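One structure is given below, encoded as structure tokens.
Chain identifiers are assigned alphabetically (A, B, ...) following the order of the sequence lines, protein sequences preceding nucleic acid strands; residue numbering begins at 1 within each chain. Heavy-atom basis, side chains included; hydrogens, waters and symmetry copies ignored. Note that the coordinates shown come from a computational prediction; the quantities given were computed from them, not determined experimentally.
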Number of protein chains: 2
Amino acid sequence: MSVRVTMRDIAKEAGVSPMTVSRALKSDGSVNAKTRQMVQDVADKLGYVYDTTAQAFRAQRSGFLALTLPSINNANFATTHKALTESLAETDLQLLQGITNYDVVREEQMVRQLLARRPDAMILTGGTHTDTTRRLLESASIPVFEIWDIPEAPIGHVIGFSNSDAMGLIVDHLAQSGRQRLGFVGASADTDARGHERRLGTIKAARERGLAEVLDLQIGPAPATMSSGLELVMREIDRIRGLDALVCVSDPVAFGAMMALECLGLTIPGDIAVTGFGNFEISRISRPSITTLDVGAQEIGTLTGRCANEILSGISAQDAVIETLTPRLLVRKTTG
Amino acid sequence: MSVRVTMRDIAKEAGVSPMTVSRALKSDGSVNAKTRQMVQDVADKLGYVYDTTAQAFRAQRSGFLALTLPSINNANFATTHKALTESLAETDLQLLQGITNYDVVREEQMVRQLLARRPDAMILTGGTHTDTTRRLLESASIPVFEIWDIPEAPIGHVIGFSNSDAMGLIVDHLAQSGRQRLGFVGASADTDARGHERRLGTIKAARERGLAEVLDLQIGPAPATMSSGLELVMREIDRIRGLDALVCVSDPVAFGAMMALECLGLTIPGDIAVTGFGNFEISRISRPSITTLDVGAQEIGTLTGRCANEILSGISAQDAVIETLTPRLLVRKTTG
DNA sequence: GATCATGTTGTTACCGATACCATGATACCG
DNA sequence: CGGTATCATGGTATCGGTAACAACATGATC
């Protein structure tokens with residue numbers, strides 16, 4: 001059984017031409033019902049498996065939708081991935097993904113590797129890329145989607161939200177509940193462009209609302225995890241004691257920070273408020289539950305999938321889609 | 001720029017044959033250094049991107065490593081995925097994944113779709129499959145790996161651990177610390193074969209150690225999440241009050257359950273012990289930290305990647321590899 | 001009976017990269 | 001100087017499915 005069965009084999013066995021086999025298996029209406037059934041039976045008998053590689057090659061259309069993600073180990077991106085997969089379920093598109101580890105150089109490598117598979121479209125998580133990446137994508141002449149961000153210079157379609165503006169909602173809420181001295185906890189600027197946008201947004205919003213200068217607390221290179229939030233608080237507790245709110249770049253970081261704060265005897269939200277980002281499950285379940293932003297990770301995936309499918313199937317025009325989502329503030333127990 | 005550049009185009013522009021272009025770009029030693037450089041320059045100038053689809057078609061070898069995962073939104077599988085990706089980084093193998101949603105019928109669809117891409121090997125998470133899936137894989141005559149489980153009837157290679165035996169470690173520990181009346185929290189049997197193995201293992205171990213019959217607490221269909229752990233405790237609190245240990249199918253479930261228990265006024269581990277499974281980050285960071293099992297999710301990925309690469313590159317023989325890992329008990333604060 | 005529409009099947013060429021073999025050029029040997 | 005090894009390059013065929021067109025049979029229509 002080590003040789004593979006092709007349509008030619010089926011054709012020989014069934015006594016028809018390969019073309020008829022092709023038509024029969026594709027349920028092309030132009031083939032006689034009896035012939036189709038016979039071909040189908042022979043195919044089953046021989047254990048035939050369709051060869052998408054050959055079809056993709058011939059049609060010059062791979063059926064792949066390429067996707068880059070910073071990390072697979074992040075519930076937010078996983079949600080987008082899941083929604084994307086589901087909104088593609090009815091189509092013949094298949095996801096082909098590359099993990100960039102929050103690194104634009106690695107992203108470039110992945111884009112190169114993905115483009116070599118001739119995807120029908122490319123979805124990039126994030127709006128920061130190397131020049132070469134941009135060049136590669138432009139000359140690939142396929143639809144490009146940038147999601148999860150609003151890039152300054154979009155390559156093609158955009159489905160995301162402003163990380164900077166989003167922080168305004170959080171800072172507003174903190175200011176309204178009387179907090180004045182904020183600290184921001186996030187990964188280093190060069191490893192997490194998205195997180196850095198949140199940092200800048202927090203600083204800007206605090207300034208606009210007349211709060212004290214934001215204390216910048218950096219936890220090292222991305223990804224920012226529960227552990228990094230916990231360790232940062234342990235390390236910087238002296239400076240943190242002077243604050244009345246800790247704005248965290250994500251929910252896991254907020255949770256880690258909260259565990260450390262409680263361990264050190266501070267009460268939440270009494271002594272200090274804590275906010276997260278992303279509406280991860282932990283923020284709803286933890287005690288106290290964490291005030292956070294829902295950015296519509298699922299909606300991003302669903303919209304992107306639908307939009308990509310419409311463009312690729314020619315239903316909608318190729319005009320650049322710019323879809324700006326508005327994050328939703330979820331006030332919970334960590335901000336009193 | 002909408003037509004794609006092929007080796008033929010480069011050949012014409014560089015005044016050589018397509019064959020020479022192929023050799024030059026592949027750094028085949030048999031092409032003159034000066035010619036190679038010239039070809040390379042022309043390729044760069046034209047913005048050429050190699051076509052892996054054509055290469056795969058010609059070579060009858062796709063370079064794909066197909067992988068099925070029950071869920072993308074699970075830190076344990078994500079860890080395996082990451083380790084697998086990393087151990088493949090040096091090779092020319094590319095992961096092609098399908099999400100099964102803990103459903104063997106969906107797995108069959110995914111396997112069919114993945115096989116049509118002619119992968120060089122197939123990695124299945126789990127050891128429970130439909131008959132058709134087994135048949136498809138057998139006639140595909142490629143190396144098959146089943147990971148994360150020890151299947152009763154392996155299809156090919158196996159890299160996993162016994163979910164049933166693993167629970168013995170937890171039950172032992174609970175028994176030694178004086179717990180007698182255990183409850184098991186997990187998804188319904190038919191949606192999570194792996195979780196069900198853990199249920200059976202717990203029941204078996206409790207029986208062998210002379211503990212009370214295990215109370216079976218089912219949270220509905222997989223996946224088992226923090227929310228489902230929390231909701232189950234809220235719903236079943238009356239029966240749970242009679243227990244002195246809650247054995248959970250995973251760390252997130254344990255965390256959710258713990259939050260609910262505390263909310264209802266029970267102390268952990270004073271009133272009731274709680275255990276998790278999988279050594280998710282939450283189990284180390286939460287307060288109290290959660291006693292759990294580390295099953296070597298990373299090691300599974302690394303081993304599988306290395307093994308697949310060795311077999312595919314002909315370094316090692318095709319003999320069936322059966323690699324049984326031994327989970328490691330991590331005693332933390334939820335079991336006093 | 002000739003003409004034409006319709007339904008079904010077959011033939012040929014092609015997608016892009018490359019294995020295989022052939023060929024020409026150069027170097028080196030006795 | 002003829003013969004042969006070595007190096008560099010080219011020509012051709014091929015992988016599996018399918019678009020485009022051709023061919024044929026059948027039945028309907030005038």
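- Under the ring-ring contact (aromatic ring centres under 6.0 Å, His included) criterion, B:F161 pairs with B:W148, not counting sequence neighbours.
- Side-chain atoms of A:R58 stay outside donor-acceptor range of the base of C:dG16, with no qualifying N/O pair under 3.5 Å.
- Looking at heavy-atom distances under 4.0 Å, A:V21 makes no contact with the nucleic acid at all.
- Atom P of nucleotide C:dT26 and atom CG of B:N32 are separated by 12 Å, given to the nearest angstrom.
- Sorted by first then second residue, the ring-ring contact (aromatic ring centres under 6.0 Å, His included) pairs that include residues 78-104 of chain B, not counting sequence neighbours, number zero.
- Side chain of B:T191 to backbone of B:A222: a donor-acceptor contact under 3.5 angstrom is found.
- With sequence neighbours excluded, the residues that form a ring-ring contact (aromatic ring centres under 6.0 Å, His included) with A:H157 are A:F145.
- Within 4.0 Å of A:T6, counting heavy atoms only, lie sugar-phosphate atoms of the nucleic acid but no base atom.
- Within residues 7-15 of chain A, no residue has a heavy atom under 4.0 Å from DNA chain C.
- A heavy atom closer than 4.0 Å to some atom of DNA chain D occurs in no member of residues 113-120 of chain A.
- Residue A:S30 is classed as a base contact, given a heavy-atom separation below 4.0 Å to a base.
- In the 5' to 3' direction, nucleotides of DNA chain D lying under 4.0 Å from heavy atoms of chain B begin and end at D:dA8 to D:dG16.
- Distances shown here put every side-chain N or O of A:S17 at or beyond 4.0 Å from the OP1 or OP2 atom of C:dT11.
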Acceptor/donor pairs from residues 300-309 of chain A side chains to any protein atom, 3.5 angstrom cut, sequence neighbours excluded:
residue: A:T302; atom: OG1; partner: A:Q298; partner atom: O; Å: 3.0
residue: A:T304; atom: OG1; partner: A:I300; partner atom: O; Å: 2.6

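- Residues B:L65 and B:L312 form a side-chain contact, since some pair of their non-hydrogen atoms from C-beta on lies under 4.5 Å apart.
- Screening residues 5-43 of chain A for ring-ring contact (aromatic ring centres under 6.0 Å, His included), with sequence neighbours left out, gives no hits.
- As a whole-Å value, the separation of B:R23 CZ from C:dA17 C1' is 12 Å.
- B:D149 is linked by a side-chain contact (heavy atoms from CB on, under 4.5 Å) to B:N163, B:R194, counting only residues two or more places apart in sequence or in another chain.
- A sub-4.0 Å separation between OP1 or OP2 of C:dG16 and a side-chain N or O of B:Q55 is absent.
- Among residues two or more places apart in sequence or in another chain, the ring-ring contact (aromatic ring centres under 6.0 Å, His included) test is passed with B:Y48 by none.
- Remark: B:Y48 is not in phosphate contact with C:dG16, judged by side-chain N or O atoms under 4.0 Å from OP1 or OP2.
- Formation of a donor-acceptor pair under 3.5 Å by the A:N101 side chain with backbone atoms of A:D103 is not found in this model.
- Atoms CZ (A:R36) and P (C:dG7) sit 14 Å apart, rounded to a whole Å.
- Taken over five-pair windows at either terminus, the axes of the helix from C:dG1-D:dC30 to C:dG30-D:dC1 are inclined to one another by 60° (rounded to 10 degrees).
- For the pair A:T68 (side chain) and A:G98 (backbone), a donor-acceptor distance under 3.5 Å is absent.
- Not one N or O on the side chain of B:Q97 forms a donor-acceptor pair closer than 3.5 Å with the backbone of B:L69.
- Take the nearest nucleotide of DNA chain D for B:F57 and for B:V31: the residue whose nucleotide is more 5' is B:V31.
- Counting only distance, with no hydrogens or angles, the side chain of A:S62 and the backbone of A:R118 share a donor-acceptor pair below 3.5 Å.
- The salt bridge (charged side-chain N to carboxylate O under 4.0 Å, His left out) test applied to A:R112 returns A:E108, not counting sequence neighbours.
- At a threshold of 4.0 angstrom between heavy atoms, the contacts of A:T35 are confined to the sugar-phosphate backbone, with no base atom among them.
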